[in-house]
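Here's the structure we're looking at; comments come further down.
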Amino acid sequence: MKQFLYLIWTICSLHSQAQTYSPDTFNLHELKKILGSSVIVGLGEVGHGFETINKTKSALLQFLESELKFEAIAFEGSFTESVVSFMKGGDLDSRAKSFLYPFWNTPSVKTSLKSFFDKEKGLKPLIIGFDIQEDCRFNKLSQLLIEKQLVFENKGKLDECDSVLSYYIGEHFSRKGTLSKQEYLLLIQNYELIEIEIRARRLDLFQSKLLERSIENRKWLCRYLTLSTAKDKMYYRDSLMADNVKWIQKEIYPTNKFILWAANTHIAKKAGNRNTVWMGEWLSSFFRDNYFAISFQKGTAGKPFISSNTSYNYPTTSNEKFDLVIYMDKLKKIRAQEWMTSCD
């Protein structure tokens, strides 16, 4: 894993000199000391679609899992689509294709996910999404509900919902316009009827929880599609992504440490006294010292930190967004065509 990496890790503080080290001289004791009692670690990235960052994050993911006993991972990807892919079963490739964004569905990322996947054994998802947003794979939910005979009486309602959503979502979530009030109310009424029918089926309690939360996420998506400004969408989406993480921690991983994989903006902690907007800002207030944010970005390489005796300077000001920053000299972009979601 180390052959393709030369990381520079930096503990950031506005008022202190940073300390750095490389993986070759990495000290497990030091990272344990940095992470402290954190049970949720956010792995950010300065931009999507950089294979350099994918490989670096994947290496750290494997380290957190194997050495520090982090047992699950949640992606900035659709919660609903990830639940559907888990309940449908299949190998890791089909799971990744079903809900990961294509710029994360790469060999380096999937290699780092294999251990999580192998430990699931169909009991609970150790690879999941936390986003309310969906793409053209949204219709997999309807397919699952029909295949498992969970929805029969309201199949027409499902078809009606998919017909409306297909116009506004599009393959790459690029449709123009917003849902009208009438369309929104129609979708919500339909999903409430579908929810009632699902509850009437004899489902395993845990699977029932996953599906009910998925329908709730679908209702949130419908509301999201009524919003017309980027500011409103950002606030709404991030607050609910944070709520999903809270739910995941309570209902799926109450005794497990887990990792979040997302953009820097989503995992960053609150800076200054401005209103809480981003997911990480909500999480740092919900979980406080149990949430640790790591940023991955382009920077200038320095000399590796070798001494295991050097003390770390922790960020102590309210303006600090990240607990740890990983700098890389060069960022290799994934080809544009590899970003596109495959919907067949």
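Just so it is clear, the structure is predicted and the values come from calculations on it, not from any experiment. Every heavy atom of this structure was used, including side-chain atoms; hydrogens, water molecules and symmetry mates were not. Counting begins at 1 with the first residue of the sequence.
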Review point. In chain order, what residues pass the ring-ring contact (aromatic ring centres under 6.0 Å, His included) check against F70, with sequence neighbours excluded?
Key: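 By the ring-ring contact (aromatic ring centres under 6.0 Å, His included) rule, F70 matches no residue at all.
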Practice item. Could you pull out all residues at least two apart from Y184 that satisfy ring-ring contact (aromatic ring centres under 6.0 Å, His included)? Key: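 If we apply the ring-ring contact (aromatic ring centres under 6.0 Å, His included) test to Y184, skipping adjacent residues, there are no hits.
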Would you please name every residue forming a side-chain contact (heavy atoms from CB on, under 4.5 Å) with [X], sequence neighbours left out?
{"X": "D118", "result": "K114"}
{"X": "I146", "result": "K155, L158"}
{"X": "S115", "result": "E65, K119"}
{"X": "T106", "result": "E51, N54, S108, V109, I334"}

To the nearest 0.5 Å, how far apart are [atom1] in [X] and [atom2] in [Y]?
{"X": "Y224", "Y": "D131", "atom1": "OH", "atom2": "CG", "result": "7.5 Å"}
{"X": "I73", "Y": "L126", "atom1": "CD1", "atom2": "CG", "result": "11.0 Å"}
{"X": "L113", "Y": "N105", "atom1": "CG", "atom2": "CG", "result": "9.0 Å"}
{"X": "I252", "Y": "I248", "atom1": "CD1", "atom2": "CD1", "result": "5.5 Å"}
{"X": "R237", "Y": "W278", "atom1": "CZ", "atom2": "CH2", "result": "8.5 Å"}
{"X": "I128", "Y": "N244", "atom1": "CD1", "atom2": "CG", "result": "8.5 Å"}

Check your understanding: Got a sec, which residues hit side-chain hydrogen bond (donor to acceptor under 3.5 Å, both in side chains) with N256, two or more places apart in sequence or on another chain?
Key ->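 Counting only residues at least two positions away or on another chain, N256 forms a side-chain hydrogen bond (donor to acceptor under 3.5 Å, both in side chains) with E71, K124.
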Practice item. Using side-chain hydrogen bond (donor to acceptor under 3.5 Å, both in side chains) as the criterion, list what pairs up with Y291, not counting sequence neighbours. Key: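 Partners of Y291 by the side-chain hydrogen bond (donor to acceptor under 3.5 Å, both in side chains) criterion come out as none, since no residue qualifies.
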State, yes or no, whether a side-chain contact exists between [X] and [Y] at a heavy-atom distance under 4.5 Å.
{"X": "K157", "Y": "V151", "result": "no"}
{"X": "I198", "Y": "E212", "result": "no"}
{"X": "L60", "Y": "I294", "result": "yes"}
{"X": "M241", "Y": "W282", "result": "no"}
{"X": "L211", "Y": "L144", "result": "yes"}
{"X": "K148", "Y": "R201", "result": "no"}
{"X": "V164", "Y": "L179", "result": "yes"}
{"X": "H266", "Y": "F130", "result": "no"}

Residue pair [X] / [Y]: nearest heavy atoms and the distance that separates them:
{"X": "A96", "Y": "K110", "result": "CB-CD, 3.9 Å"}
{"X": "S85", "Y": "F99", "result": "OG-CD2, 3.9 Å"}
{"X": "I267", "Y": "G44", "result": "CG1-CA, 3.7 Å"}
{"X": "D162", "Y": "S142", "result": "OD2-OG, 2.8 Å"}
{"X": "P125", "Y": "L210", "result": "CD-CD1, 4.3 Å"}
{"X": "E153", "Y": "E197", "result": "N-OE2, 2.9 Å"}

**Study point:** Listed partners of R95 passing salt bridge (charged side-chain N to carboxylate O under 4.0 Å, His left out), at least two apart
**Key:**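 For R95 the salt bridge (charged side-chain N to carboxylate O under 4.0 Å, His left out) partners, ignoring immediate neighbours, are E120.
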Point to revise | Listed partners of D243 passing salt bridge (charged side-chain N to carboxylate O under 4.0 Å, His left out), at least two apart | key: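 Counting only residues at least two positions away or on another chain, D243 forms a salt bridge (charged side-chain N to carboxylate O under 4.0 Å, His left out) with R213.
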Review point. Is it the case that D232 and T229 place a side-chain donor and acceptor less than 3.5 Å from each other?
Key: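 Side-chain D/A pair, D232 to T229: present.
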**Study point:** Aromatic plane relationship, H48 with F103 - under 30° parallel, 30 to 60° tilted, over 60° perpendicular
**Key:**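 Plane angle under 30°, so parallel.
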Check your understanding: Considering residues, nucleotides and ligands other than D289, do more than 12 of their heavy atoms fall under 6.0 Å from its CG?
Key ->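 Result for CG/D289: open.
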Distance-only, no hydrogens or angles: does the [X] side chain make a donor-acceptor pair with backbone N or O of [Y] under 3.5 Å?
{"X": "N264", "Y": "E45", "answer": "yes"}
{"X": "T178", "Y": "L227", "answer": "no"}
{"X": "K88", "Y": "S98", "answer": "no"}
{"X": "S163", "Y": "D159", "answer": "no"}
{"X": "E134", "Y": "L221", "answer": "no"}

Check your understanding: Taking only residues at least two apart or on different chains, which pairs with a member in residues 245-254 satisfy side chain to side chain donor-acceptor pair (under 3.5 Å)?
Key ->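 Residue pairs passing side chain to side chain donor-acceptor pair (under 3.5 Å), neighbours aside: K209-E251.
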Practice item. Would you sort out whether W261 and S58 count as a side chain to side chain contact (heavy atoms under 4.5 Å, CB included), showing the intermediate values? Key: CA-CA 10 Å; W261 182 301; S58 296; 3.7 Å; yes
**Study point:** Option from N290, L64, L260 for which side-chain contact (heavy atoms from CB on, under 4.5 Å) with V41 holds
**Key:**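 Among the candidates, only L64 passes.
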Check your understanding: Can S166 and F138 be said to form a side chain to side chain contact (heavy atoms under 4.5 Å, CB included), step by step?
Key -> CA-CA 9 Å; S166 66; F138 74 91; 4.0 Å; yes
Check your understanding: Under 4.5 Å between side-chain heavy atoms, hopping through other hydrophobics if needed: is there a path connecting I196 to L186?
Key ->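 Per the 4.5 Å side-chain linkage, I196 and L186 are not co-clustered.
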Exercise for review: Kindly work out whether a path of hydrophobic side-chain contacts (I/L/V/M/F/W/Y, heavy atoms less than 4.5 Å apart) joins L185 to Y167.
Suggested key: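 Unlinked, L185 and Y167 end up in two clusters.
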Pairs of donor and acceptor atoms involving the side chains of residues 187-195, under 3.5 Å and at least two apart or interchain, shall be tabulated with distances.
unit_1, atom_1, unit_2, atom_2, d
N190, ND2, E160, OE1, 3.0
Y191, OH, R218, NH1, 2.8
E195, OE1, K219, NZ, 2.9

Review point. Can I40 and F292 be said to form a side chain to side chain contact (heavy atoms under 4.5 Å, CB included), step by step?
Key: CA-CA 6 Å; I40 302 175; F292 192 93; over 6 Å; no
Review point. Does the side chain to side chain contact (heavy atoms under 4.5 Å, CB included) test come out yes or no for F117 and I127, once each step is laid out?
Key: CA-CA 7 Å; F117 177 80; I127 305 168; 3.9 Å; yes
